[in-house]
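Here is the structure we will look at.
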Number of protein chains: 2
Amino acid sequence: MSEGNRPYHHGDLRAALVAEGLELTRSDGPGALSLREVTRRAGVSPAAAYRHFRDRSALLGALGLEIQSRVVERMRARTAEPGVADPAEESLRRLRGVGLGYIDFACEEPGWFEMAFFGIADVEGIGPDLARVPPFAELLAALDECVASGALPALRRPGAEFSCWSAVHGCAELIVHGPLRGAAPGLVREVAERVVDDIIVGIR
Amino acid sequence: MSEGNRPYHHGDLRAALVAEGLELTRSDGPGALSLREVTRRAGVSPAAAYRHFRDRSALLGALGLEIQSRVVERMRARTAEPGVADPAEESLRRLRGVGLGYIDFACEEPGWFEMAFFGIADVEGIGPDLARVPPFAELLAALDECVASGALPALRRPGAEFSCWSAVHGCAELIVHGPLRGAAPGLVREVAERVVDDIIVGIR
DNA sequence: GGTGCATGTGAACACCATCCACATTGGTGT
DNA sequence: ACACCAATGTGGATGGTGTTCACATGCACC
């Protein structure tokens with residue numbers, strides 16, 4: 001708070017900007033992030049940010065990466081629930097948890113959810129390595145496990161990740177930005193479970 | 001073009017602003033729309049826009065409505081393809097067309113697609129009348145037809161619209177803003193068909 | 001102990017949304 | 001025919017934004 005004795009160099013400004021950025025965007029998404037505000041909060045001049053990020057969207061991208069790892073955490077919390085014995089059933093349960101965890105995150109952190117894939121388009125080239133996007137990798141692993149356990153025929157495996165991701169991501173959008181925004185939690189939960197169950201039936 | 005003889009009043013400024021707005025946002029979405037630029041193009045002062053729209057986001061909402069009707073047109077183009085005799089099969093074919101038409105629109109007009117549901121959140125209240133969002137109404141009608149034709153058990157009907165919309169909208173996002181951005185048209189088409197077919201299997 | 005290089009500063013530019021008092025006009029009522 | 005009113009458009013001001021530039025500072029390394 002005391003402005004007088006602040007050292008000229010911040011120490012770890014990059015991390016500070018990310019931290020303030022997370023706070024700023026938590027409830028209202030990317031639109032709530034201004035480079036001037038974030039530097040103001042870090043107690044630093046606006047131009048200082050440019051020593052660490054090429055421009056505003058580069059900061060958004062860094063925030064997106066950070067958020068992706070939190071999405072994965074939320075997925076893992078879901079899949080870590082007590083399991084069942086049968087391997088096929090267990091792998092399907094995990095797949096379900098991956099989807100529901102994703103939707104949980106979107107509901108709990110709508111602002112962050114909006115930013116999670118901000119940087120994804122920056123990965124140049126036609127087919128960026130999907131496995132390098134952590135939440136996507138989680139889905140791929142769950143699907144592979146379904147094949148290994150016999151729950152999903154190997155012939156049906158190729159392309160299944162797109163169906164799953166589409167349904168789950170679309171559902172999250174429906175709830176966070178779409179017509180279901182502000183709907184009763186009970187209804188939301190019901191819809192989420194229906195969507196996830198339907199797509200799992202569909203890909204098999 | 002000649003600026004000298006322009007009348008003080010524009011005539012139909014509202015429509016002109018919408019038209020210019022559509023052009024501005026066609027390829028790059030809502031971010032490409034500035035009130036100043038749109039009024040500049042209409043040959044009018046920036047403040048004039050406020051006689052017709054409360055603020056920038058009100059104009060975006062109006063553009064969204066216009067775009068929604070174009071989405072419906074694209075869906076109809078798909079469903080108007082030559083049909084088959086069996087009513088159940090025919091109703092499923094229409095449902096498929098609704099989904100694929102939606103995805104087609106997103107691929108062909110990515111900027112507009114991003115704006116289509118801008119105003120949707122403005123419909124205050126918990127459950128806005130989904131049927132009043134034209135593309136959504138199209139989906140509801142197709143699903144009802146599936147029930148009537150016996151292709152979809154009546155017991156499975158409630159909630160099916162959410163599964164369908166989630167999968168299709170999510171797929172469009174995947175293609176337009178997600179990891180599939182810039183992918184080869186062949187792959188895109190393949191993915192779209194797989195997603196739509198999977199969710200149709202899943203809801204039954 | 002000096003020096004180079006990463007980091008932070010301040011001021012500037014161009015752009016934006018929005019609001020205000022004021023100007024202009026087309027239509028309405030007499 | 002005329003006066004007036006409500007709708008519409010203007011110009012300018014305010015306060016915000018991203019981004020760039022020459023310049024200042026100080027840490028780490030030779």
*Return the set of residues passing ring-ring contact (aromatic ring centres under 6.0 Å, His included) with F105(B) (not counting sequence neighbours), or none when no residue passes.*
none
_Under 4.0 Å protein heavy-atom contacts per nucleotide of nucleotides 14-21 of chain D, with B for base, S for backbone only and - for none_ = ---BBBBB
*Is a side-chain N or O of R204(A) found less than 3.5 angstrom from the main chain of A151(A), in a donor-acceptor match?*
yes
*Is there a donor-acceptor pair under 3.5 Å between the side chain of R56(B) and the backbone N or O of L33(B)?*
yes
*Can you label the angle between the F117(B) ring and the Y102(B) ring as parallel, tilted or perpendicular, going by 30° and 60°?*
parallel
*May I ask you to decide if I203(A)'s main-chain N or O and R156(A)'s side chain share a donor-acceptor pair within less than 3.5 Å?*
yes
*Calculate the interatomic distance between D12(B) atom CG and dT25(C) atom P; express it in whole Å.*
19 Å
*asked:* Does dA6(C) have its OP1 or OP2 closer than 4.0 Å to a side-chain nitrogen or oxygen of H52(A)?
replied: no
*In whole Å, what is the span from the CG atom of L13(A) to the P atom of dT25(D)?*
18 Å
